[in-house]
Each structure stands twice: as structure tokens, then as C-alpha cells.
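Scope of the values below: all heavy atoms of this structure, side chains included, with no hydrogens, waters or symmetry mates. The chains referred to below are lettered A, B, ... by the order of the sequence lines, with proteins before strands, and numbering in each begins at 1.
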Number of protein chains: 2
Amino acid sequence: MSIADRKEREKEEMRRNILSAALGLFREKGYDGVSIRNIADAIEYSPATIYLYFRDKNEIFAALQYEAAGVMRDHFLPLLQIENPWERLIDFGRRYMDFGLKYSDLYDLIFIIRAPMEHVENQECWALGMTTHQFFTQTVQTCVDARYFKSTDTEAIAYTLWAYVHGVVALFVRDRMRMYPPEKREELARKSFAMFTKMIEVL
Amino acid sequence: MSIADRKEREKEEMRRNILSAALGLFREKGYDGVSIRNIADAIEYSPATIYLYFRDKNEIFAALQYEAAGVMRDHFLPLLQIENPWERLIDFGRRYMDFGLKYSDLYDLIFIIRAPMEHVENQECWALGMTTHQFFTQTVQTCVDARYFKSTDTEAIAYTLWAYVHGVVALFVRDRMRMYPPEKREELARKSFAMFTKMIEVL
DNA sequence: AAATTTTTTAAACAGTGTTTATTATTGAAG
DNA sequence: CTTCAATAATAAACACTGTTTAAAAAATTT
């Protein structure tokens with residue numbers, strides 16, 4: 001079965017080859033700015049070849065989204081070391097913003113871009129994202145249990161916190177902070193985050 | 001000068017004709033889903049004609065963005081009747097969310113979509129958006145002056161509030177609330193908003 | 001070495017934004 | 001009223017897009 005194994009390996013290599021080229025192009029030109037022919041040129045194959053490894057452009061996108069979700073999850077891994085739930089929650093927010101501001105293109109891919117999302121492939125991505133989301137919800141729940149919040153509505157609290165950090169990142173990523181000078185934008189976001197953490201102490 | 005006036009009027013009519021067709025198509029198919037040929041078909045002219053009234057597709061987009069900004073501003077007009085700054089601020093948030101959840105396509109156009117934004121045309125839109133933004137900042141400033149907040153950093157407060165409501169709307173508009181059942185999403189957003197207003201009382 | 005299966009691609013199809021040269025239509029002048 | 005210039009509209013083309021298909025090339029099995 002060695003030859004079949006090798007073929008399988010080569011198939012996987014080709015998929016990774018396509019994906020890494022696609023991700024590179026995507027990060028510099030945006031989803032709509034990248035064509036199948038661009039990707040084909042980058043990997044020095046014909047455009048038709050790509051369709052032997054991915055059903056369509058959306059499936060490539062879905063795979064990239066999955067990759068991005070993995071990078072983001074890894075970004076949260078250090079949180080497992082933090083035992084105090086409140087500290088972990090605050091650091092969760094900090095790391096969320098860090099990721100969004102630093103890897104804007106990946107964040108965009110995961111949380112902003114309009115895209116298939118109905119793809120079979122994306123169910124893996126969805127599952128990956130859900131584990132992160134559940135880890136977050138669980139952290140909030142622990143805080144609720146430990147009476148860090150006045151309210152006991154874990155769902156509403158978690159959603160409120162998420163909405164805020166997403167808002168901060170989304171405004172930044174999609175360039176809606178033009179009324180603030182470029183060099184002050186990130187600073188403002190971080191100052192706001194500090195303010196927000198103070199403010200949820202009494203939630 | 002009557003004939004030149006009529007020509008000018010007709011030119012303006014044609015622009016409006018194109019824009020209203022474009023807006024209709026845009027609202028049902030999204031920006032990328034609408035082609036110049038689609039618009040041309042809708043108004044029963046040739047595609048090339050459109051280029052006599054708009055430089056390119058981005059300029060049409062910019063004009064639509066300006067329209068949307070106008071609709072949004074109108075949505076905030078009743079706020080002028082509210083004298084108490086705190087009440088006005090809370091209603092500002094409520095109306096912001098209302099607009100975003102109700103006219104998702106317009107909100108998307110203004111605050112999410114990647115688009116020219118460097119266009120000459122858009123400077124008008126920008127100016128329009130800025131008046132709304134300044135009205136908001138001013139309301140926050142009045143609240144700060146009246147000691148409704150502990151902090152006196154008006155800029156940071158305003159940004160924090162904006163980020164939150166944008167986050168709520170953006171997650172909804174771009175369909176990132178799939179972990180919540182469809183019929184509960186808006187309810188959760190509103191419950192969160194109530195929670196948020198309670199929480200900023202001590203900001 | 002021949003036959004079969006797998007992998008790759010050239011070419012085509014219908015669509016896109018945009019430009020250009022040509023045709024209609026309109027307004028003014030003789 | 002007819003001619004002439006200016007304006008408005010368009011057909012056709014260009015280079016691009018995602019995707020499919022049939023033919024060619026390469027690798028594997030017989």
C-alpha cells in the first residue's frame with residue numbers, strides 16, 4: 001500500500017501548496033482580489049489543476065478560514081496557564097484584540113468577510129471556532145459562579161464582552177477610524193480596553 | 001438659459017435613475033453581486049451609458065454610501081428633541097442599533113464594506129458622517145461636563161460606546177451569531193444593550 | 001512493451017469592469 | 001427648412017473572472 005500512501009501524501013502536499021499560495025495572495029490582495037489564475041500562476045500549474053483539489057473558490061476560502069481559526073486558537077493557548085478566572089477573562093480580551101490588530105487579515109477572514117459559510121468543509125472550521133467560543137463562555141461562567149459579576153446571565157455577559165472587542169477590532173480592520181490620526185488608533189483602542197475592563201468590574 | 005437648465009435637470013434625473021436602480025440591486029444582491037450590466041438592464045440603457053454619468057463602479061458605490069449616510073442621519077433626527085444629555089446618549093445607542101439591525105444592508109455599506117473610500121465623491125459622505133459623529137461626541141461631552149461619567153476622557157468614552165454598538169450590529173449583519181438560534185439573536189442583542197447601559201452608568 | 005489508470009492542461013463558455021470608435025439624437029445657425 | 005456642430009447613446013472590443021470539458025501527458029499495472 002506504499003504507492004497509494006505516497007499518492008495520498010502528494011495529494012495533501014498539493015493541497016497545502018495551493019493553500020499556502022492562496023493565503024499569501026489573499027493576505028496581500030484580499031479575497032476578491034485573488035483569482036484562481038493568480039493562484040495557479042503562483043504554484044506554476046494550470047488553473048484547471050486547482051479544481052482537482054478543491055471543488056471551487058469557496059472551498060479554498062473555507063480551508064483558509066479553518067487555518068486562520070487554528071492560528072487564533074493557538075493565540076489563546078497561554079490562557080490555559082492562568083488559573084484565576086477573572087485574570088483569564090481579562091487576558092482573553094487582551095489577546096483577542098492583540099490578534100485582531102496584529103493579524104487583521106486573518107481576523108477579517110474569520111469574523112467579517114462575507115463568504116460561503118454553508119460549506120461542508122467549514123463545519124470543521126465551525127467546530128474549531130466553537131471550542132474557542134466555549135472556552136470563552138466557560139471562563140465567563142466560572143467568573144459568574146465566583147460572583148465576579150452582579151448579573152448571573154452568563155450568555156448576555158459573554159455576548160456583551162465579545163461584541164465590544166469585536167467592535168474595536170472591526171472598526172480598526174475595516175478602516176473606520178479615520179477621524180483619529182493613524183498613529184493614535186491603536187493607542188485609543190488600548191486605552192478604551194483599559195476603560196472597559198474597569199467598567200465591567202461592576203457588571 | 002432654459003435649455004441648459006433642462007439638460008442639467010435631465011442629467012441629474014439620469015444619475016438618480018442609475019443610483020436608485022443600483023441601490024435596489026445592491027440591497028438584494030450585495031455590492032459584488034451587482035454588475036454594471038445588471039444596472040444597465042434595470043434602467044434599460046446600454047452599459048456604456050452609465051460611464052457617462054459615473055467614472056466607475058466605485059463612484060456609484062460612493063454615491064450609494066452617501067445616500068445611506070443620509071438615511072442614517074435622518075434616523076437620528078428625533079434625538080434633537082431630547083434635552084437631557086444622558087437620555088439622549090442612551091437613545092443614541094438604541095437608535096444606532098435599531099438602524100443597524102433594520103437596515104443591515106445600508107449599515108454594511110457605511111461601516112463594514114471594503115470600498116474606495118479614497119474617492120473625491122466620498123468626501124461629501126465623509127462630511128455627512130462626521131456631522132453625525134460630532135453630534136455623538138458632543139452628546140458624550142455634555143454628559144462628561146454634567147459629571148455623568150467618572151472619567152473625563154470624552155474621546156475614549158465615545159469610542160468605547162461606539163465600538164460596543166458597532167460590535168453588536170457587525171456580528172449580526174455579517175452573520176457571526178450562528179451559535180444562537182435565529183429567533184433569539186435580536187433579543188440577545190437588546191438584552192445585552194440593556195446590560196451595557198446599566199454598566200456605563202458607573203463609567 | 002502494451003494497456004490502463006491517474007494527473008494535467010488547453011480551450012471554451014458565460015460572465016465581469018471599462019474603453020473606443022461609431023451611430024443617433026438634439027440645438028443652433030444660415 | 002435645412003445644414004452643421006455638439007451632445008448622448010451604443011455596439012464592439014479588451015483583458016479579466018470562475019468553471020467545465022475533452023484531449024493530452026504521465027504514471028502505474030499488466
Side-chain angles (χ1 to χ4, degrees), chain A residues 1-19 21-22 25-26 28-65 113-121, chain B residues 1-19 21-22 25-26 28-65 113-121:
Chain A
M1 295 283 162
S2 177
I3 73 98
D5 285 2
R6 199 208 63 216
K7 288 236 168 174
E8 186 59 39
R9 215 166 50 232
E10 281 175 356
K11 194 138 194 153
E12 198 49 47
E13 261 174 43
M14 186 63 154
R15 276 183 67 96
R16 292 235 39 91
N17 193 13
I18 293 170
L19 284 182
L25 287 169
F26 166 80
E28 61 180 66
K29 310 207 299 179
Y31 182 66
D32 287 328
V34 180
S35 74
I36 297 290
R37 283 172 179 82
N38 293 156
I39 301 172
D41 282 353
I43 63 170
E44 296 176 304
Y45 276 83
S46 92
T49 300
I50 290 174
Y51 286 87
L52 299 176
Y53 298 88
F54 295 92
R55 184 152 21 110
D56 52 30
K57 197 184 175 186
N58 280 342
E59 198 172 290
I60 297 176
F61 166 83
L64 290 183
Q65 203 174 36
I113 268 192
R114 274 194 201 291
M117 310 256 294
E118 310 86 12
H119 248 268
V120 189
E121 193 87 5
Chain B
M1 298 283 162
S2 179
I3 72 99
D5 284 4
R6 202 210 59 216
K7 290 237 169 175
E8 187 59 39
R9 214 167 50 232
E10 281 174 355
K11 194 137 194 152
E12 197 50 47
E13 260 174 44
M14 186 62 154
R15 277 182 68 95
R16 291 232 42 89
N17 193 14
I18 293 171
L19 283 182
L25 288 169
F26 166 79
E28 61 180 67
K29 310 207 299 176
Y31 181 67
D32 287 327
V34 180
S35 73
I36 297 289
R37 283 172 180 82
N38 292 155
I39 301 172
D41 282 352
I43 62 172
E44 295 176 304
Y45 275 83
S46 92
T49 301
I50 290 175
Y51 286 87
L52 299 175
Y53 297 89
F54 294 93
R55 184 153 20 112
D56 53 29
K57 199 183 173 186
N58 279 343
E59 197 172 290
I60 297 176
F61 166 83
L64 289 184
Q65 202 174 37
I113 269 191
R114 275 194 201 289
M117 309 255 295
E118 311 86 14
H119 248 267
V120 189
E121 193 87 3

(request) Give the B/S/- string for nucleotides 5-18 of chain C, one per nucleotide from 5' to 3', where a protein heavy atom under 4.0 Å of the base yields B, of only the sugar-phosphate yields S, and otherwise -. (result) -SSBBB-B---BBB
(request) Look up atom CE in B:Met14 and atom CZ in B:Phe54, then write down how far apart they are to the nearest 0.5 Å. (result) 10.0 Å
(message) Quick check for you: to the nearest 0.5 Å, what is the distance between A:Gln65 atom CD and A:Phe26 atom CZ?
(response) 9.0 Å
(message) Output the rounded distance in Å from CZ (A:Phe61) to C1' (D:dT19).
(response) 19 Å
(request) Report the distance from atom CD1 of A:Ile39 to atom CD1 of A:Ile60, rounding to the nearest 0.5 Å. (result) 4.5 Å
(request) Could you grab the distance from atom OH of A:Tyr45 to atom CD1 of A:Ile18, nearest 0.5 Å is fine? (result) 9.0 Å
(message) Can you confirm whether A:Glu44 is buried at CD, in the sense that more than 12 heavy atoms of other residues, nucleotides or ligands lie under 6.0 Å from that atom?
(response) no
(message) Rounding to an integer number of Å, can you tell me how far B:Glu10 CD sits from C:dG27 P?
(response) 8 Å
